[in-house]
Amino acid sequence: MRFSQLLCPTVRETPNDAEVISHQLMIRAGMIRKVAAGIYSFLPLGYRIIQKFEAIVREEMNRAGAQEVFLPAVVPAELWEESGRWQLYGKELLRLRDRHNKEFCIGPTHEEVITDLVRQTVRSYRQLPLSLYQIQTKFRDEIRPRFGLMRGREFGMKDAYSFHANWESLDATYAAMSRAYEAIFKRCGLDFRIVEADSGAIGGDSSAEFMVMAATGEDAIIHCNTCSYAANLEAAKVRPSPVDSGDKTPAYASILTPNAGKIEDVTAFLGRPAEHFIKTLVYMANEVPVLVLVRGDHTVNEIKLRHVLDCQELSLAEDETVKSVTGAPVGFAGPVALPAAVRIVADAAVMGLADAVSGANQKDTHLTHIQPGRDFVPEIVADIRDAIVGDACYHCDSGTYQILRGIEVGHIFKLGEKYSQALNAVFLNAEGKEQTFIMGCYGVGIGRTVAAAIEQNHDADGIIWPMALAPYHVDVIVLNTKDADLVAISDRIYQTLTENRIEVIYDDRAESAGIKFKDAELIGFPIQVIIGKKVKEEGLFEIKLRATKEVRLVVEADLVSALQDLIRN
RNA sequence: CGGGGUGUAGCGCAGCCUGGUUAGCGCACCUGUUUUGGGAACAGGUGGCCGGAGGUUCGAAUCCUCUCACCCCGACCA
């Protein structure tokens, strides 16, 4: 490809609406352009990178025994009503009507469609297991799209679904998919980790996320400094704290704490650390108020809380509700001396406290010498808090938790029978009896992985593409297009490389050398072949590596093999 | 949805507070000449419904009202 023919509008200045580096660089390198919030067009170079990644995904999916299908982007509402998600999914689901006023959505994920397909076409256990996948444009009407391709509304995703007659078969495919994902991200040269995850709105029994490590990642990852345990903060398990018997705790007593409604205020006022406090929050769980207790230095993990309470809707209560439930303004709630009967859910660490402090359910008043178990008894005690740095590891005896940040690029789930039951998708098993399919589902964010690759591979000059994703491997740069000899040599080199099936872009533009170097570095071609004075004077071609800026000089006869070696690594 | 902010040439911005010739600057783009190993120089040019609608005024990019879009923080999320 000649650069002079390529639509690649590089931009010198950083666009002011691009927050993260991958977004900035993709815009600046002329790879994507924004059409609306969270919706992008891909220009030739950007699309080529997407295609490179998709090809890797296809190869590994096929190798894992999955078959490619192509499902519709627009899905009739009935299917979603059948699974119950038409109601559950909320505003994120983009709904629309056709000319007959029939309801549809743009699929944000395709469990319903694939389950419908399989229930129509698969009758016998002999046809199982079956793995199908597609690469499709999806739409989720995110509340706040941001970070370019990282969190768009329209986005490319590879989603695979597997169908099984028994759990052992699902386990085998789940493991095979996990290996396929490892292969995919390894081939892209990414530094990633597999972490335990919450299965979220998709549902299911167990799931793991593939996280590309990056300081700008949206997800916090808890990992043990001793064993191999790693989990998304949302799902990271916390080891129960040792319980203090609290034998010596005196009877509780109230103490005036004027205007000290926040934990920091009260700790400062009383001169006791936050660890001695019981933080009391009022939540609305399916429209019923619940008192939620965590230690003063901990935060509530709403995902865990949701699981414990088994509820769909969960949110912090309005100030008015707090008043009616506790009889005091926000900031003075506590589990002791409550005016009305309310459900109380306590984090396990709260029960480990002795001689604790909490609100007195009275304005400007707290209670000291509270002994959990003696002075109040929660209905539920469970792990409902976020893990923090330094927590003892749940899985091993000696480790403690550290925290890292990552970008979720893949997620695999054991769905079980959730969708097959809802959609009554059944087959005949070996005993001739009807049985619902056992399912798994496996997603990879296409654009997001490409963005993550940039987050992980860039410098002050621009992108440094891993060879596997680079739009072209080699950029042939002719430094002076007014020099007919130089152009003739460059044309010849371009032709030779092309004939040798090297993916090459030929920067034949009548631009100054500086512009060509800057663009080459911005776009991030892994290898530059620079054709300038040295070629004419000494017959030496300069090969420059983007990642290290290392330069090698070779004669023309060695150029092709030198490049092929570099591309192969 | 709550809080904050921005819409002026393809991009980045000034002008607005305090209304008044033909709306300006840098980059990009076009023409010519000179340049070509790190985002060149000179000269000449193209390009604007000042986001949209309504209002106030002799007169509106500027003041007022409404509206749309986008961005940031928060809640949400494979």
Side-chain angles (χ1 to χ4, degrees), chain A residues 9-20 23 27-28 30 33-39 85 88-93 107-111 136 138-148 150-153 155-161 197-204 207-211 218-219 232 234 302-303 306 313-316 318 407-413 415 441-449 461-462 477-484 486-487 507 509-522 528 530-537 542 544 549 551:
Chain A
T10 57
V11 175
R12 191 178 318 200
E13 287 163 281
T14 302
N16 67 0
D17 60 352
E19 190 79 352
V20 293
H23 187 196
I27 300 263
R28 286 193 52 211
R33 278 291 165 99
K34 187 172 72 179
V35 176
I39 300 176
R85 288 207 291 184
L88 284 180
Y89 220 84
K91 311 122 281 162
E92 247 186 82
L93 188 63
T109 171
H110 280 72
E111 284 80 9
Q136 173 63 278
K138 315 250 179 185
F139 197 95
R140 285 185 199 162
D141 201 356
E142 293 277 351
I143 295 172
R144 185 145 92 84
R146 55 187 135 176
F147 304 148
M150 209 100 95
R151 178 163 294 273
R153 292 194 293 173
F155 58 97
M157 175 169 161
K158 186 285 300 179
D159 50 329
Y161 305 90
D198 179 75
S199 50
I202 293 251
S207 77
E209 288 169 334
F210 289 73
M211 292 281 188
E218 283 195 275
D219 287 289
N232 193 307
E234 292 175 356
E302 293 190 1
I303 287 167
R306 209 179 282 261
E313 283 179 39
L314 182 75
S315 59
L316 272 174
E318 309 280 330
I407 300 162
E408 180 192 350
V409 290
H411 201 157
I412 58 178
F413 303 79
L415 287 178
C441 96
Y442 319 91
V444 171
I446 302 292
R448 187 182 277 190
T449 302
D461 295 316
I477 300 175
V478 53
L479 290 182
N480 185 353
T481 51
K482 290 276 170 63
D483 183 333
L486 223 46
V487 170
D507 197 343
R509 296 174 298 170
E511 297 284 358
S512 71
I515 287 181
K516 294 185 180 190
F517 286 134
K518 289 288 184 191
D519 277 348
E521 282 156 3
L522 177 60
Q528 298 165 22
I530 299 161
I531 298 176
K533 270 184 249 154
K534 285 195 197 76
V535 172
K536 282 179 82 171
E537 289 164 7
E542 189 173 327
K544 186 169 178 185
K549 311 249 162 134
V551 172

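These numbers were taken from a predicted model, which means no experiment stands behind them. Chain letters run A, B, ... following the sequence lines, proteins first and then strands; every chain starts at 1.
- Each of B/C76, B/G37, B/G38 was ranked by its minimum atom distance to the side chain of A/Lys533; first place goes to B/G37.
- B/G26 and B/U22 are spaced 22 Å apart, taking the P atom of each and rounding to whole Å.
- Evaluation of the salt bridge (Lys or Arg N to Asp or Glu O under 4.0 Å) rule for A/Arg151 yields A/Glu142, A/Glu218 as partners, not counting sequence neighbours.
- With values rounded to the nearest 0.5 angstrom, A/Ile531 atom CD1 is found 11.5 Å from A/Asp483 atom CG.
- Among the atoms of the strands shown, none is found under 4.0 Å from any heavy atom of A/Lys158.
- Nucleotides B/G5 and B/G44 are separated by 43 Å at their P atoms, to the nearest Å.
- One finds a side-chain N or O of A/Arg144 lying less than 4.0 angstrom from the OP1 or OP2 phosphate oxygen of B/C72.
- Residue contacts shown for A/Glu209 are absent, as no nucleic acid heavy atom lies under 4.0 Å away.
- Between A/Lys138 and A/His110, the shortest heavy-atom contact is NZ-ND1, 2.7 Å.
- Taking atom P in both B/C70 and B/U34, one finds a spacing of 49 Å when rounded to whole Å.
- One P atom belongs to B/G19, the other to B/C66, and the distance between them is 22 Å to the nearest Å.
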| message | If you apply the rule side-chain contact (heavy atoms from CB on, under 4.5 Å), what do you find for A/Ile446 with A/Lys158, and how did you get there? | response | CA-CA 7 Å; A/Ile446 302 292; A/Lys158 186 285 300 179; 4.2 Å; yes

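- The side chain of A/Lys482 approaches B/U35 more closely than any other nucleotide in the set B/G39, B/G37, B/U35.
- In this structure, B/C1 forms a base pair with B/G74, meeting either the Watson-Crick or the G-U wobble geometry with both donor-acceptor distances under 3.5 Å.
- Among the atoms of the strands shown, none is found under 4.0 Å from any heavy atom of A/Leu316.
- Residues A/Gly532 and A/Leu479 come closest through the heavy atom pair CA-CD1, 4.0 Å.
- The NZ atom of A/Lys516 sits 7.0 Å away from the CZ atom of A/Arg509 when rounded to the nearest 0.5 Å.
- At a threshold of 4.0 angstrom between heavy atoms, the contacts of A/Lys34 are confined to the sugar-phosphate backbone, with no base atom among them.
- Looking at heavy-atom distances under 4.0 Å, A/Glu302 makes contact with sugar-phosphate atoms alone, never a base.
- Closest heavy-atom contact between A/Glu111 and A/Leu415: CG-CD1, 4.0 Å.
- Across the P atoms, B/A60 and B/A14 are found 24 Å apart, a figure rounded to whole Å.
- When the nucleotides B/U36, B/G39, B/G37 are ranked by their closest atom to the side chain of A/Asn480, B/U36 comes out on top.
- Among the heavy atoms of the strands, none lies under 4.0 Å from A/Gly410.
- A/Lys91 comes within 4.0 angstrom of nothing in the nucleic acid, heavy atoms only.
- Taking the P atom of each, B/A75 and B/C25 are spaced 46 Å apart, rounded to whole Å.
- Taking CG of A/Asp17 as the reference point, atom CD1 of A/Ile27 lies at 6.5 Å (rounded to 0.5 Å).
- Here the P atom of nucleotide B/G37 and the CG atom of A/Asp483 are 11 Å apart, to the nearest Å.
- Not a single donor-acceptor pair, N or O on each side, falls under 3.5 Å between the base of B/C72 and the side chain of A/Arg146.
- Between A/Thr109 and A/Arg140, the shortest heavy-atom distance links the atoms CB-NH2, 3.8 Å.
- Atom-to-atom, CG of A/Leu88 to P of B/C76 comes out at 17 Å; the value is rounded to the nearest Å.
- Atom CD1 of A/Ile531 is separated from atom C1' of B/G37 by 13 Å (rounded to the nearest Å).
- Of the possible polar contacts, none joining the A/Lys34 side chain to the A/Gly148 backbone as a donor-acceptor pair under 3.5 Å is found.
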| query | Going 5' to 3' along nucleotides 25-33 of chain B, which nucleotides have protein heavy atoms under 4.0 Å from the base (write B), which only from the sugar-phosphate (write S), and which from neither (write -)? | reply | -BSS-----

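- Looking at heavy-atom distances under 4.0 Å, A/Phe155 makes contact with a base.
- Side-chain proximity of A/Phe517 to the nucleotides B/G38, B/C76, B/C70 is greatest for B/G38.
- With a cut-off of 3.5 Å on both pairing distances, the Watson-Crick or G-U wobble partner of B/A43 is B/U31.
- Between the CD atom of A/Glu234 and the C1' atom of B/C77 there is a distance of 8 Å, given to the nearest Å.
- Across all strands shown, B/U36 forms no Watson-Crick or G-U wobble pair with both distances under 3.5 Å.
- Heavy atoms of A/Asp519 sit under 4.0 angstrom from at least one base atom.
- When every heavy atom of A/Arg153 is checked against every heavy atom of A/Ala37, the shortest pair comes out as NE-O, 2.8 Å.
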| query | Which parts of nucleotides 2-9 of chain B does protein reach within less than 4.0 Å, heavy atoms only, written one letter per nucleotide 5' to 3' as B for base, S for sugar-phosphate only and - for none? | reply | --------

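- Across all strands shown, B/U62 forms no Watson-Crick or G-U wobble pair with both key distances under 3.5 Å.
- Listed pair A/Thr109 / B/A78 fails the phosphate criterion, with no side-chain N or O lying under 4.0 Å from OP1 or OP2.
- Across every strand in view, B/C50 sits unpaired, with no contact that passes the Watson-Crick or G-U test at under 3.5 angstrom.
- Across all strands shown, nothing is found opposite B/C16 as a Watson-Crick or G-U wobble partner with both distances under 3.5 Å.
- Taking all atoms of both residues into account, the shortest heavy-atom contact from A/Glu13 to A/Val11 is O-CG1, 3.1 Å.
- The distance from atom NZ of A/Lys518 to atom P of B/G37 is 15 Å, rounded to the nearest whole Å.
- Among the protein residues, A/Arg33 comes within range of no part of the nucleic acid, since none of its heavy atoms lies under 4.0 Å from any strand.
- When the nearest nucleotides of RNA chain B are assigned to A/Ala18 and A/Arg151 by heavy-atom distance, the more 5′-ward of the two goes with A/Ala18.
- When atom types are taken as modelled, the side chain of A/Lys534 and the backbone of A/Glu542 share no donor-acceptor pair closer than 3.5 angstrom.
- For the C1' atoms, the distance from B/G10 to B/U18 is 33 Å, rounded to whole Å.
- When the C1' atom of B/C76 is taken as reference, atom CG of A/Leu93 falls 15 Å away, rounded to whole Å.
- Between A/Arg28 atom CZ and B/G12 atom P there is a gap of 13 Å when expressed in whole angstrom units.
- Along RNA chain B, the nucleotide nearest A/Leu479 and the nucleotide nearest A/Pro145 are compared for position; the residue whose nucleotide lies closer to the 5' end is A/Leu479.
- Regarding A/Lys549, its NZ atom lies at a distance of 18 Å from the P atom of B/G37, rounded to whole Å.
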